[in-house]
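Following: one structure in structure tokens, then a few remarks.
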Number of protein chains: 2
Amino acid sequence: MTTEPAEAGRDPEAVSKFVEGFAAQLVEAGMQRMPARVFAALLASDSGSLTSAELGETLRVSPAAVSGAVRYLSQQHMVAREREPGSRRERYRVHSNQWYEALTNREAVLKRWENALSEGVTSLGADTPAGRRMAETLAFFEFVDGEIVAMMERWRVHREERFGRG
Amino acid sequence: MTTEPAEAGRDPEAVSKFVEGFAAQLVEAGMQRMPARVFAALLASDSGSLTSAELGETLRVSPAAVSGAVRYLSQQHMVAREREPGSRRERYRVHSNQWYEALTNREAVLKRWENALSEGVTSLGADTPAGRRMAETLAFFEFVDGEIVAMMERWRVHREERFGRG
DNA sequence: TCTTAACTTCACAAGTTTCTGAAAGAAGCG
DNA sequence: CGCTTCTTTCAGAAACTTGTGAAGTTAAGA
């Protein structure tokens, strides 16, 4: 009996095609290529987690590339790292059914935009046309901040109706 | 009396500092550098519009660079091009107070994500753990689609209360 | 404590991207 | 119709990114 990889019994080509296609979307949305590919591979795995070696193998890249990608992804809170007990291996896990909530946790990003705009209002002058345009944009971002929180609450209700507690 | 540039009477250094800072945020969010700088410059202009020559001058780049950046921005519907009557000059205009609504018009982007996910569900199998994860993610995107439309309606009301019809 | 598997860091080569100058292409105006 | 002004296209140089191999670090297990 050979050691079965966790993801046996699937058409590897279909999986690979999905992984690369989804990664391409992420790249287009601004993510770096390697993190995008690693993330897509995790998303397409049944367990939602893979080891560094498995990632290197399915994506045909070096351990160094996996290491860099995973560091990025965990900084973005898109994957969690966990140590396999009794082993030197590390597993990387996509936060099961809530990974996409990270997309809306742009707290830090929005705050930086708001800071930039706020400086703009000050340095261009709140009473100038450009300053007023900035101020309105800033108000929009602040509005969105709040709306997103409310939206996510509605989603969780909606989700439970459709999928149960997951 | 010298020919005043439209944006006279402002501290050019403060303006430039804002432009570069805001452009940097846009770059970090995935936009290419030159379109980001051009867009930020338009945003910081009092009239909300600049000619190609003015853009080249304030950003210190060649006409060719402006041309490429502007093509990108108008494809994204972030700026409008208008011809100055009685002149060969073109003006590029940031859609005054509604440019940021373009950020939420991600119709096409969301649809592409949804397609990719939908293919994922099919190719990985709707009855597999990975397939179910995909399906839930897809449902999330569809939910967000609808929520964004409703949010923008609320924003317009909110905006009118605060800023009037603009 | 030593060995060894696993991950990380680093310098560099390969590959892209980006901006420029030059030349070609439009369009107003006489 | 041709001159002139402005914009676009294109090939190539420069700068930046990205992934690799190799060396270094960490920690499990004997």
Side-chain angles (χ1 to χ4, degrees), chain A residues 3 5-6 16 19-20 23-42 49-76 78-93, chain B residues 3 5-6 16 19-20 23-42 49-76 78-93:
Chain A
T3 318
S16 172
V19 168
E20 298 304 331
Q25 296 299 324
L26 291 167
V27 169
E28 199 154 337
M31 194 182 292
Q32 291 151 0
R33 179 174 309 281
M34 192 56 67
R37 295 180 70 211
V38 165
F39 186 75
L42 287 171
S49 75
L50 294 171
T51 65
S52 188
E54 286 166 339
L55 283 166
E57 193 178 336
T58 52
L59 300 175
R60 308 299 195 80
V61 293
S62 69
V66 174
S67 173
V70 155
R71 180 178 36 185
Y72 173 85
L73 290 169
S74 60
Q75 278 169 357
Q76 304 298 312
M78 292 179 72
V79 309
R81 343 167 56 117
E82 32 186 71
R83 180 53 69 99
E84 284 192 328
S87 156
R88 264 140 288 189
R89 291 204 174 155
E90 209 131 20
R91 295 193 80 78
Y92 306 107
R93 174 178 301 283
Chain B
T3 317
S16 173
V19 168
E20 299 304 332
Q25 297 299 322
L26 292 167
V27 168
E28 198 154 338
M31 193 182 291
Q32 293 152 359
R33 179 173 309 279
M34 193 57 67
R37 296 180 70 209
V38 167
F39 185 76
L42 287 171
S49 77
L50 295 172
T51 64
S52 188
E54 287 167 338
L55 283 166
E57 193 178 336
T58 53
L59 301 175
R60 307 298 195 80
V61 293
S62 70
V66 174
S67 173
V70 156
R71 179 178 38 187
Y72 173 86
L73 289 170
S74 60
Q75 278 169 357
Q76 304 298 313
M78 291 178 73
V79 309
R81 350 170 46 121
E82 31 186 74
R83 181 52 72 97
E84 286 191 326
S87 157
R88 266 140 284 190
R89 290 202 176 154
E90 209 127 23
R91 296 194 76 80
Y92 306 108
R93 173 177 302 283

Interatomic distance where CD belongs to E54(B) and P belongs to dC6(D) [whole Å]: 12 Å
Between S67(A) and G86(B), name the one whose nearest nucleotide on DNA chain C is closer to the 5' end. S67(A)
Among the candidates dA28(D), dC7(C), dA27(C), find the nucleotide nearest to the side-chain atoms of R88(A). dA28(D)
Rounded to whole angstroms, how far apart are CD on E90(A) and C1' on dA5(C)? 13 Å
From the set dT8(D), dT9(C), dT20(D), return the single nucleotide nearest to any side-chain atom of R71(A). dT9(C)
Counting the atoms with a prime plus P, OP1 and OP2 as sugar-phosphate, which does V66(A) contact under 4.0 Å by heavy atoms, base, sugar-phosphate, or nothing? nothing
Please state whether the phosphate of dT7(D), meaning OP1 or OP2, lies under 4.0 angstrom from any side-chain nitrogen or oxygen of S52(B). yes
Taken to the nearest whole Å, CZ/R60(B) to P/dT20(C) is 12 Å
Quick one: which of dT8(D), dG19(D), dT18(C) gets closest to the side chain of R33(A)? dG19(D)
Could you give the OH-to-P distance, from Y72(B) to dC19(C), as a whole number of Å? 13 Å
Report yes or no: does S74(A) contribute a side-chain atom to a donor-acceptor pair with the main-chain N or O of V70(A) at less than 3.5 Å? yes
So, S49(A) versus R91(A): side-chain donor-acceptor pair below 3.5 Å or not? yes
For a 4.5 angstrom cut-off between non-hydrogen side-chain atoms, does Y92(A) reach L73(A)? no
Just to confirm, is there a sub-4.0 Å distance from OP1 or OP2 of dA27(C) to any side-chain nitrogen or oxygen of R83(B)? no
Would you mind reporting whether M31(B) and Y72(B) have side-chain heavy atoms less than 4.5 Å apart? yes
Looking only at the side chain of A64(A) (C-beta and beyond, no hydrogens), which of the listed nucleotides dC19(C), dC6(D), dG21(D) gets closest? dG21(D)
Tell me what R81(B) touches on the nucleic acid: a base, only sugar-phosphate, or nothing, going by heavy atoms under 4.0 Å. sugar-phosphate
Round to a whole Å and report the spacing from CD of Q32(A) to P of dC16(D). 16 Å
How many whole angstroms separate atom CG of L50(A) from atom P of dA6(C)? 16 Å
Residue whose nearest DNA chain D nucleotide is more 5′ - P85(A) or P35(A): P35(A)
Provide, to the nearest angstrom, the distance between the CG atom belonging to L55(A) and the C1' atom belonging to dG19(D). 16 Å
Are any of the side-chain heavy atoms of V19(B) and L59(B) separated by less than 4.5 Å? yes
How close or far is atom P of dT8(C) from atom OH of Y92(A), stated in whole angstroms? 4 Å
